Amino acid sequence: MFHISDCKKFSRCPRLYFNDLKDDTTEYHPFVRLDEKVSDLAIQKLGIQEYFLGSVGDEAQKALDALEKYEWLVKARFEYDSLRVKVPFLHRTNRGWDLYFLFIGIYPHTNDLAFYTDTLWVLENNGIQINDIYMIHLNGEYVRGKQLDPEKLFVVTDCFYNNKNNPTQPIKPTLLQAMKDVHPLLEEMENTTLEDLEPPVRTNKCTGRSKCIYYEQCFPHEEKMEDNSILTLIASSEKYKMLEEGKRYLKDADIERIEGSRQQFAQICADLNGGLFVDHLALHSWLSKIQYPIAFLDFEWERFAIPPYIGMKPYDVLPFEYALIIMHEDGSLQKKIYLNIHDDRRDMAENLTKDIPSTGTVIAYNAEGAEKVRIQEFAQLFPDLSKKLLSINERMEDLQLPFLSGTVYDTRMRGQWSLKSIMSMMDDPGYQALDIRQGMDAVFQWRHLDYNDEVDQEEKNKIIEDLKKYCGMDSYAMTVVYNWLKKM
Ligand code: SF4
């Protein structure tokens, strides 16, 4: 028996589907935190009183029997052919059954239609006459008060949203038009084995919207590629073809076939120069804006689908830590770290305004997409602090800019522009000795503290110590990278 997620993986790539079947080692950490049972909240929104509740392992007949006895079915399992689906909500009306899909996001678009059409295919083939189709999704405008209010937390719509996030495309006709017979796919899935597959061939399914997690497994030779390999060329649609033609290095790139971004230019020049490219004039111009004392600032935060605290909206973030290293003109460094366990945004914002010097430049890596946004949110939340907070933003410079703008490129960056990849080429032990090496690891560890007040004190202290070291490390890395740029 297959599930819709199997069909989705097999359709993207059969090898991906089989790899996933074998792989039970990958620990899944959701990017967004989801503590509350969303379907329980949605039940309240829909005003459902009595209902049939399906569960894992239910015989398909159970849901069919429930159709006779109940007005509402929640998470009922239906099967047809070799496909088994979980249906979020079915409601009996005079004209047939209304179907409700639950979308744990803010704007349901039409980019995952197969999920919905496959469900519809199973229901229709079970002889269930679907009247209307709705989507119940999170309300991006909802601001949480003391208690969660399911009535305002969700929106029920009969339309998909367009690119401008307006509900314009009616769900039912869209799905009926896109619906196709799933049987050929199921048959192919049943009759294919891993051994039947041709050796992996790289396609945009491997590196498209998100890089496939089995990429290194399928193409192990790329792991060992040289720093100046043509495959490190950023956003190049022709790099694989050029490699096949024997153009192995960045310096061999066919100028007529590259997109021509400043980053690509810097990469090719770096290889022609023996590994490093610096636009000295542009770098000097950027550095001349930086004033002492320089405050290197890094935030850590958690994102929640359902707002857990007053004043938060769906998918808002909760900053829980910042690390600040202040570099003075005489070269001395001063370190300040703030960490809270639950919601202490007010305290954090107040401390930030006290810890950051009132003059000088504030530097963050990816400032525009992260630290500036967090401070702007604080300023909106605490108007009495907003003047001080916004003055921090006015003095903020993004350390990522000299790299993203193609001012500096070192082939040891291997086509990556993260702080960690830049730090990895510095003569510095970097992050390797830390228990918390990645930002998301830091978030998962913090969850241990936030979820459970009963975490053993010793474990708690260790997590806090690691989090402080990790967050402090990003700020420290910025001082190393800044000094490196200055030396150049
Ligand atoms: S890397 Fe490509 S070929 Fe390999 S499993 Fe993923 S999608 Fe399939």
Side-chain angles (χ1 to χ4, degrees), residues 1-32 82-85 105 109-118 178 180 182-250 253 257-259 263-264 267 413-418 420-421 424 437-441 444:
M1 190 58 66
F2 299 110
H3 296 94
I4 293 180
S5 58
D6 298 323
C7 299
K8 203 173 155 183
K9 284 178 212 160
F10 193 91
S11 301
R12 177 173 169 184
C13 167
R15 184 172 294 277
L16 167 67
Y17 165 71
F18 286 113
N19 280 344
D20 240 35
L21 278 186
K22 282 194 301 178
D23 185 6
D24 52 5
T25 56
T26 317
E27 205 182 337
Y28 174 66
H29 290 303
F31 176 63
V32 171
S82 52
L83 183 61
R84 179 176 168 91
V85 297
H109 291 118
T110 51
N111 47 5
D112 198 11
L113 283 188
F115 174 83
Y116 306 116
T117 54
D118 289 0
K180 55 181 188 295
V182 193
H183 177 74
L185 175 68
L186 295 169
E187 196 175 26
E188 191 187 344
M189 288 170 74
E190 256 163 25
N191 296 327
T192 309
T193 65
L194 185 56
E195 289 68 38
D196 296 335
L197 301 179
E198 298 288 331
V201 175
R202 198 183 307 98
T203 66
N204 59 4
K205 291 184 175 174
C206 308
T207 52
R209 223 165 10 142
S210 58
K211 189 175 173 185
C212 174
I213 58 169
Y214 300 108
Y215 191 86
E216 276 76 30
Q217 199 173 310
C218 288
F219 310 107
H221 55 284
E222 285 188 18
E223 272 286 87
K224 297 181 210 107
M225 71 184 174
E226 290 134 299
D227 289 350
N228 59 343
S229 162
I230 197 163
L231 295 184
T232 63
L233 191 62
I234 187 167
S236 160
S237 56
E238 294 276 320
K239 62 186 174 185
Y240 292 109
K241 274 193 206 142
M242 289 193 269
L243 179 69
E244 278 163 24
E245 292 162 17
K247 297 175 170 56
R248 286 181 60 187
Y249 301 110
L250 289 166
R257 289 156 72 195
I258 65 169
E259 287 73 5
Q263 282 166 295
Q264 289 182 330
Q267 287 187 281
M413 287 161 59
R414 295 170 66 85
Q416 301 204 358
W417 279 259
S418 69
K420 284 162 198 67
S421 63
S424 68
R437 289 189 196 144
Q438 299 289 335
M440 280 314 285
D441 276 357
F444 304 138

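Counting starts at 1 for both ligands and their atoms, following the listed order. Every value quoted in this text rests on a predicted model; they were computed, and no experiment measured them.
At a threshold of 4.5 Å between non-hydrogen side-chain atoms, the residues L194 and K22 count as touching. A heavy-atom distance below 4.5 Å is found between the side chains of F18 and L21.
Heavy-atom contacts of C212 reach the following atoms of ligand 1: 1 (S), 5 (S), 6 (Fe), 7 (S) (cutoff under 4.0 Å). Shown in contact with L16 at under 4.0 Å from a heavy atom are these atoms of ligand 1, numbered in order with element: 5 (S).
K9 NZ to I4 CD1: the interatomic distance, rounded to the nearest 0.5 Å, is 12.5 Å.
Shortest contact from atom 4 (Fe) of ligand 1 to any protein heavy atom: C218 SG, 2.3 Å.
A salt bridge is defined here as a Lys NZ or Arg NE, NH1 or NH2 lying under 4.0 Å from an Asp or Glu carboxylate O, and R202 with E244 fails to meet this definition. The residues K8 and D112 are annotated as salt-bridged, a charged nitrogen and a carboxylate oxygen being separated by less than 4.0 angstrom.
Atom 4 (Fe) of ligand 1 has no N, O or S atom of C13 under 2.8 Å away, backbone or side chain. Residue C206 counts as close to atom 2 (Fe) of ligand 1, with an N, O or S atom under 2.8 Å.
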